[in-house]
Every structure is written in structure tokens, then in C-alpha cells.
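One structure is given below, encoded as C-alpha cells.
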Amino acid sequence: MTPLEHKLKDWFLNPAIQYHDWDPALFWKARDAHDPFGTLRVDAAELEVYFAAIIGAPSECYDAVNHSHNGEHFSTLPRADFLTMTAHRNDLPLFTPASETLH
């Protein structure tokens with residue numbers, strides 16, 4: 001697991017994110033019955049931007065996400081701006097699948 005993936009797991013357990021009562025399976029493919037935090041289903045950088053907006057933390061991926069996804073998806077906003085806006089509205093966006101990322 002990369003440092004970013006560890007950070008996402010830790011942030012998922014933050015009370016501000018737990019408030020939403022999301023199942024980890026929304027974002028991760030379970031490793032086994034005892035570990036729901038296996039492989040990410042969604043783009044790690046996008047999820048980091050989204051979680052950062054929810055918990056009010058600085059995002060280390062914000063600029064990279066804006067640069068790599070500028071206007072590609074269903075919004076005229078840069079991607080990180082869109083993810084932040086949806087987090088502040090308590091909406092759950094459609095994330096880029098992890099298999100489409102370039103890690």
C-alpha cells in the first residue's frame with residue numbers, strides 16, 4: 001500500500017467522513033472478509049482531493065488533479081475544483097476508476 005493509500009484509509013476513518021456512513025466498498029475492493037481496505041476502485045488522487053475537502057485538510061494532489069483532468073469530464077470546472085465543490089455540497093461525484101490512472 002502506498003503512502004497515499006494509507007493516508008486515504010486513515011482519512012476514511014475520520015469522523016467527518018464517517019458521518020456519511022459510506023461503505024468502504026464504494027472506494028475499495030476488499031482484501032478479504034476482515035479487511036475492507038484492499039485495492040482502490042477509484043483514482044487515489046481524486047479521492048484525496050475529495051476527502052481533503054470534507055475534512056478541511058490541505059490536499060497534496062489538488063494541482064495535479066486539476067492539471068491532468070482539466071475539463072475532461074462532465075464539467076467545465078477543473079476536476080479538483082469540481083471535486084471540492086461536490087464535497088462541500090455533500091454530493092458524491094462519479095470518480096475516475098482506478099484502472100484508468102497512470103500510477
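- Looking only at side-chain heavy atoms (C-beta outward), N14 and I54 stay at 4.5 Å or farther from each other.
- Of all heavy-atom pairs between L4 and A45, the closest is CD2-N, 4.2 Å.
- Smallest separation of non-hydrogen atoms from L8 and A44: CD1-O, 3.6 Å.
- Remark: K9 NZ to M1 CE distance equals 5.5 Å, nearest 0.5 Å.
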For this session: Take T96 and R79 through the test side chain to side chain contact (heavy atoms under 4.5 Å, CB included) and record every step on the way to the result.
Result: CA-CA 10 Å; T96 302; R79 186 70 174 156; 4.2 Å; yes

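- Distance check, rounded to the nearest 0.5 Å: CG of L83 to OH of Y62 gives 9.0 Å.
- Between the side chain of E5 and the main chain of L40, no donor-acceptor pair closer than 3.5 Å is present.
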For this session: Show your reasoning for whether ring pair (Phe, Tyr, Trp, His ring centres under 6.0 Å) applies to F27 and Y50.
Result: CA-CA 12 Å; F27 309 111; Y50 185 72; 7.3 Å; no

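- Annotation: the span from D10 atom CG to I55 atom CD1 amounts to 9.5 Å, rounded to 0.5 Å.
- Closest non-hydrogen pair, F12 versus I17, comes out as O-CG2, 3.6 Å.
- In this structure a side-chain-to-backbone donor-acceptor pair under 3.5 Å is present from R41 to W28.
- With D32 contributing its side chain and D35 its backbone, the two residues share a donor-acceptor pair below 3.5 Å.
- Between E46 and V65, the closest heavy-atom pair is N-CG2, 4.0 Å.
- Shortest non-hydrogen contact noted between V49 and S59 is CG2-OG, 3.5 Å.
- Using a 4.5 Å heavy-atom threshold, the side chains of L47 and F51 count as touching.
- Closest approach of E48 to W11, counting heavy atoms only: O-CZ3, 3.5 Å.
- Taking CG of D43 as the reference point, atom SG of C61 lies at 8.5 Å (rounded to 0.5 Å).
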